[in-house]
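So the structure is just underneath, and the comments pick up after that.
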Amino acid sequence: MTEHEQQTTETGDDLPEQMKIRRAKRAELLESGKEPYPLGYRRTHTLAELRERFAELEPGESSGVTASTTGRVIFLREAGKLCFARLREGDGTEFQVMLSQGKLGKESLDEWKHLVDIGDHIGVTGEVVASRRGELSVMADEWAVTSKALRPLPVAHKPLAEETRVRQRYVDLIVRPEARDNARNRAAVIRSLRDQLHGQDFVEVETPMMQVQPGGATARPFVTHMNAYDMDLYLRIAPELYLKRCVVGGIDRVFEINRNFRNEGADSSHSPEFAMLEAYRTYGDYRTIAELTKSLVQGSAESVFGSTAVTLADGSAYDLGGEWAETTLFGSLSEALGEEVTVDTQLDTLRAYADKVDLDVDPLWGPGKLAEELFEHLVVDKLDAPTFVFDYPEETSPLTRGHRATPGLTEKWDLYARGFELATGYSELVDPVVQRERLEAQARLAAGGDDEAMRVDEDFLRAMEYGMPPLCGMGMGIDRLLMALTGLGIRETILFPLVKPE
RNA sequence: GGGCCGCUAGCUCAAUUGGCAGAGCUGCGGACUUUUAAUCCGUAGGUUCAGGGUUCGAGUCCCUGGCGGCCCA
């Protein structure tokens with residue numbers, strides 16, 4: 001609420017006319033002995049139950065059954081001594097109410113006309129009938145306001161401005177069926193992921209979101225402060241190091257679905273807080289976990305949308321079915337450049353290529369990082385169909401096992417879909433001595449001013465020294481998965497994305 | 001971080017060279033016992049994002065700031 005509104009709420013003097021009128025109607029309800037916000041309403045049927053039970057009623061027919069039901073008024077019509085209202089309940093089911101002077105008497109119908117607005121919640125009791133046009137209706141013997149809305153809803157027939165949708169999601173949810181579908185689809189996808197993982201004996205855990213030391217990814221963390229210990233804490237950037245501790249402890253298949261926080265930019269595909277699935281299982285490699293990832297994505301598409309061929313928000317078709325394309329980082333980059341590039345290609349050579357394709361180069365980047373940047377610059381946009389990109393340089397993958405065949409590479413893949421990164425997976429590094437070397441190298445980068453570099457997590461290394469079994473793991477952005485399945489922007493897949501204050 | 005565009009009534013949007021700030025829907029009053037974006041009559045509603053400047057006169061031009069969108073990095 002703005003300062004301006006706060007002032008005027010008390011006096012009511014300066015409010016827009018329509019809000020003043022609704023406040024006056026609330027007062028009138030109270031004056032006439034009616035409660036504008038009663039404890040409830042004695043309901044015998046939900047709107048959905050009425051729809052189902054009386055589906056067979058013919059136009060003009062009366063059921064002889066009296067029902068009490070409730071909903072938000074989304075449409076009002078007066079036709080003299082007969083009024084109509086359309087109610088809607090939470091799942092989107094709508095049902096008509098008819099109010100006639102014959103049933104209610106003049107006084108009650110006049111009060112209805114005068115005091116009830118679109119947006120109000122009401123309860124109504126009467127016979128279930130079908131109108132002459134065949135519309136199922138409750139013919140009211142009695143009605144009551146159950147919650148008076150003090151603000152008018154936006155006009156139903158004009159799309160709400162994008163910013164209003166995001167800032168006032170509650171309004172978006174009221175007026176736009178797609179907004180309600182999005183929220184329910186997201187819940188269904190997450191539930192499907194959980195069900196599939198539980199079905200394969202994965203154990204769901206919750207690991208710390210406030211950490212003494214951030215780790216598990218290269219990203220800038222948010223910092224907060226704990227008063228009791230007078231120490232800084234970090235919001236986690238990834239759950240990886242804790243999930244691996246679980247594996248050391250004997251949870252052979254483990255996953256977590258929860259929020260990560262990265263103190264970086266916010267745009268149409270990045271949110272500073274984002275939901276992520278991470279899953280680890282022993283005695284598998286990056287092929288094993290790629291297969292699991294594919295089955296999870298295809299399984300949630302099947303269970304939520306009925307098919308691996310989904311329809312995106314713009315109406316286009318997107319096929320996630322069957323086997324997915326595979327390439328390698330250096331293979332696809334070589335193809336895009338028209339020059340052979342490998343993990344052994346020298347930094348100077350890569351810099352020359354970067355110059356040729358107008359990519360600005362950070363002088364701190366090594367050859368591995370630069371190769372990845374070139375790949376993102378030249379290849380990523382073109383990866384529309386789901387594609388696994390295998391074998392990343394060791395330089396940028398400090399938690400990943402070295403490649404079994406090619407020195408300098410690691411057994412890592414990224415999964416791309418519709419031009420963005422959807423998931424990543426690894427044959428995990430389980431050698432504590434090599435892990436220490438890698439983390440110490442990262443720590444040197446951090447000391448040199450790289451605020452995304454990892455730190456040495458001694459407790460994590462101690463856990464590894466107790467013996468971490470052969471292991472593969474994956475991470476997948478839940479928001480990204482929803483984007484891939486629906487074609488929505490990230491601000492539509494998250495109910496309340498971070499926005500600057502008005 | 002850079003460039004471009006936008007911010008006007010409850011909502012969605014107009015407003016010519018700088019010359020009385022408008023429409024549709026919504027609201028309010030009235031008519032109508034089968035409406036469902038009804039129809040008809042009447043009517044109200046504005047800190048034009050904020051602050052400053054130029055001007056006889058600023059929604060419009062200039063400056064600063066806020067919020068947002070798109071493109072680029």
Side-chain angles (χ1 to χ4, degrees), chain A residues 2-5 7-8 12-25 28 57-62 71 73-88 94-106 108-110 112-120 126-127 129-140 149-168 170-172 174-176 264-270 354-355 357-362 365 373-374 376-377 381 489-492 497-502:
Chain A
T2 65
E3 199 173 311
H4 174 72
E5 276 179 288
Q7 276 175 1
T8 54
D13 285 346
D14 235 17
L15 283 173
E17 187 192 28
Q18 293 190 40
M19 291 191 214
K20 275 195 255 189
I21 288 164
R22 285 174 179 243
R23 276 166 176 72
K25 288 176 177 177
E28 278 184 63
L57 223 50
E58 298 292 328
E61 196 181 348
S62 301
V73 176
I74 56 162
F75 177 82
L76 282 173
R77 175 75 61 234
E78 289 178 28
K81 299 185 180 62
L82 181 66
C83 294
F84 301 86
R86 177 156 287 266
L87 303 187
R88 187 171 62 217
E94 299 180 0
F95 205 88
Q96 179 164 274
V97 176
M98 297 166 74
L99 305 100
S100 75
Q101 187 161 309
K103 289 275 185 191
L104 288 171
K106 184 168 192 323
S108 175
L109 189 65
D110 283 348
W112 167 271
K113 290 183 195 174
H114 182 56
L115 295 176
V116 175
D117 292 302
I118 289 174
D120 295 353
E127 187 181 4
V129 303
S131 73
R132 280 180 209 166
R133 299 274 179 94
E135 185 78 48
L136 274 181
S137 312
V138 172
M139 179 61 84
L150 296 185
R151 286 176 185 265
L153 288 177
V155 174
H157 310 288
K158 290 281 185 184
L160 214 49
E162 148 81 18
E163 194 185 344
T164 312
R165 284 199 219 165
V166 170
R167 284 189 188 275
Q168 295 179 247
Y170 37 91
V171 176
D172 188 33
I174 292 169
V175 302
R176 202 166 57 95
E264 292 163 0
D267 61 34
S268 57
S269 62
H270 294 79
D355 193 48
V357 299
D358 289 328
L359 175 67
D360 289 339
V361 177
D362 185 326
W365 292 347
E373 292 286 338
L374 278 165
E376 286 178 22
H377 186 68
D381 287 350
I490 200 165
R491 280 150 60 94
E492 303 287 333
L498 184 72
V499 284
K500 287 196 191 178
E502 288 169 78

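Note on A:Lys158: only backbone sugar-phosphate atoms sit closer than 4.0 angstrom, heavy atoms only; bases stay farther off. At a threshold of 4.0 angstrom between heavy atoms, the contacts of A:Gly60 with the nucleic acid are absent.
Residue-environment remark: NZ (A:Lys113) exceeds the threshold of 12 foreign heavy atoms within 6.0 Å.
With distances taken from any side-chain atom of A:Pro154 to the nucleotides B:U33, B:U34, B:C11, the minimum falls on B:C11. The nucleotide whose nearest atom lies closest to any side-chain atom of A:Glu135 is, among B:U33, B:U36, B:G10, B:U36.
For A:Gln168 and B:C11, the CD to C1' distance is 11 Å, given to the nearest whole Å. Between A:Arg151 atom CZ and B:A9 atom C1' there is a gap of 15 Å when expressed in whole angstrom units.
In a base pair of the Watson-Crick type (N1 to N3 plus N6-O4 or O6-N4) or a G-U wobble (N1-O2 and O6-N3), with each distance short of 3.5 Å, B:A37 is matched with no nucleotide. When both pairing distances are held under 3.5 Å, B:U55 makes no Watson-Crick or G-U pair with any nucleotide shown. Pair assignment for B:U43 gives B:G27, based on Watson-Crick or G-U wobble hydrogen-bonding distances that are each under 3.5 Å. Pairing for B:C67 is with B:G6, a Watson-Crick or G-U wobble pair whose two hydrogen-bonding atom distances lie under 3.5 Å.
The line from CG of A:Leu76 to CZ of A:Phe84 is 12.0 Å long, rounded to the nearest 0.5 Å.
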Protein proximity profile, nucleotides 25-31 of chain B - base contact B, sugar-phosphate-only contact S, no contact -, cut-off 4.0 Å on heavy atoms: BBSSS--
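Looking only at distances, a side-chain donor or acceptor of A:Ser137 sits under 3.5 Å from a matching main-chain atom of A:Glu135.
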Is there any protein nitrogen or oxygen under 3.5 Å from a nitrogen or oxygen in nucleotides 66-73 of chain B, and what are the pairs?
residue : atom : partner  : partner atom : Å
B:C67   : O3'  : A:Arg167 : NH2          : 3.2
B:C67   : O2'  : A:Glu163 : OE2          : 3.1
B:C67   : O2'  : A:Arg167 : NH2          : 3.1
B:G68   : OP1  : A:Lys500 : N            : 3.4
B:G69   : OP1  : A:Arg491 : NE           : 3.4
B:G69   : OP1  : A:Arg491 : NH1          : 3.4
B:G69   : OP1  : A:Arg491 : NH2          : 2.9
B:A73   : O3'  : A:Asp360 : OD2          : 2.9

